[in-house]
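A quick write-up on the structure given underneath.
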Amino acid sequence: MNVILLVDNHEKTRHLYSVNLEVYTGASVVQVDSIEDAISYLEINNPQIVITRSKIEQRNAGEKLHGVLKMKEN
């Protein structure tokens, strides 16, 4: 089964995206609301897709998660 990691600190938006992604893609969506939770998830799981807001709590979420994924790749 395909898994999508959805990182969004806005609960209503995260839920809306999650429902739509599940319906339209048939994938399982894992929702987290912080960069730290996303990193913890990525340490032990390998989702096929990661979707995130560019900024979460004034931090550049996309860059941080990209760095984690690149390190995991090596």
Side-chain angles (χ1 to χ4, degrees):
M1 167 161 283
N2 291 328
V3 177
I4 298 172
L5 175 61
L6 178 60
V7 187
D8 191 336
N9 61 334
H10 294 102
E11 184 178 356
K12 289 180 183 177
T13 307
R14 186 177 65 244
H15 180 69
L16 178 67
Y17 289 157
S18 177
V19 169
N20 281 302
L21 285 166
E22 287 175 352
V23 168
Y24 289 111
T25 67
S28 174
V29 178
V30 175
Q31 301 178 44
V32 296
D33 64 359
S34 70
I35 296 169
E36 292 75 23
D37 288 346
I39 292 170
S40 294
Y41 179 83
L42 290 169
E43 287 175 350
I44 55 175
N45 297 285
N46 293 308
Q48 283 69 38
I49 299 172
V50 177
I51 299 173
T52 184
R53 284 186 177 272
S54 61
K55 296 237 183 221
I56 295 178
E57 299 170 355
Q58 279 68 347
R59 298 181 352 200
N60 211 339
E63 284 183 18
K64 182 68 175 172
L65 294 178
H66 181 260
V68 169
L69 291 168
K70 288 297 273 186
M71 286 179 41
K72 190 173 179 175
E73 196 174 84
N74 295 326

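Predicted model only: the values in this text are computed from it and were never measured.
- The two residues Met1 and Ser28 come nearest to each other via the heavy atoms SD-CB, 3.5 Å.
- Counting only heavy atoms from C-beta outward, the side chains of Tyr17 and Asp8 approach each other to under 4.5 Å.
- For the residue pair Pro47 and Val50, the shortest heavy atom distance occurs at CG-CG2, 4.0 Å.
- Other residues sharing the hydrophobic cluster of Met71, ordered by chain and number and joined by side-chain separations under 4.5 Å: none, the residue standing alone.
- Summarising the local packing, NZ of Lys70 is surrounded by 12 or fewer heavy atoms from other residues, nucleotides or ligands at distances under 6.0 Å.
- When the salt bridge (charged side-chain N to carboxylate O under 4.0 Å, His left out) test is applied to Glu43, no partner is found at least two apart in sequence or on another chain.
- Taken together through direct or relayed side-chain contacts under 4.5 Å among Ile, Leu, Val, Met, Phe, Trp and Tyr, Val29 and Ile39 form parts of separate hydrophobic clusters.
- Residues Ala61 and Thr52 approach most closely at CB-OG1, 3.6 Å, considering heavy atoms.
- From Ile35, atom CD1 reaches atom CZ of Arg59 across 4.0 Å, with rounding to the nearest 0.5 Å.
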task = Kindly indicate, with the supporting measurements, whether the criterion side chain to side chain contact (heavy atoms under 4.5 Å, CB included) is fulfilled by Glu63 and His66.
result = CA-CA 5 Å; Glu63 284 183 18; His66 181 260; 5.6 Å; no
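- In this structure the side chain of Asn45 never reaches within 4.5 angstrom of the side chain of Leu5, judged on heavy atoms.
- Minimum heavy-atom separation, Ser18 to Gln31: OG-NE2, 3.0 Å.
- To the nearest 0.5 angstrom, Thr25 atom OG1 is 4.0 Å from Ile4 atom CD1.
- Summarising the geometry of Leu6 relative to Arg14, their closest heavy-atom pair is CD2-O, 3.3 Å, with the distance given to 0.1 Å.
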task = For Leu16 and Lys12, run side chain to side chain contact (heavy atoms under 4.5 Å, CB included): C-alpha distance rounded to whole Å, both residues' side-chain angles, the deciding distance at 0.1 Å, then the answer.
result = CA-CA 6 Å; Leu16 178 67; Lys12 289 180 183 177; over 6 Å; no
inquiry  = Run Ile56 and Lys64 through side chain to side chain contact (heavy atoms under 4.5 Å, CB included) and show every step you take.
reply    = CA-CA 11 Å; Ile56 295 178; Lys64 182 68 175 172; over 6 Å; no
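- Note that NE2 of His15 is 9.5 Å distant from CG of Asn20, once rounded to the nearest 0.5 Å.
- Among Asn46, Val7, Val3, the single residue meeting the side chain to side chain contact (heavy atoms under 4.5 Å, CB included) criterion with Tyr41 is Val3.
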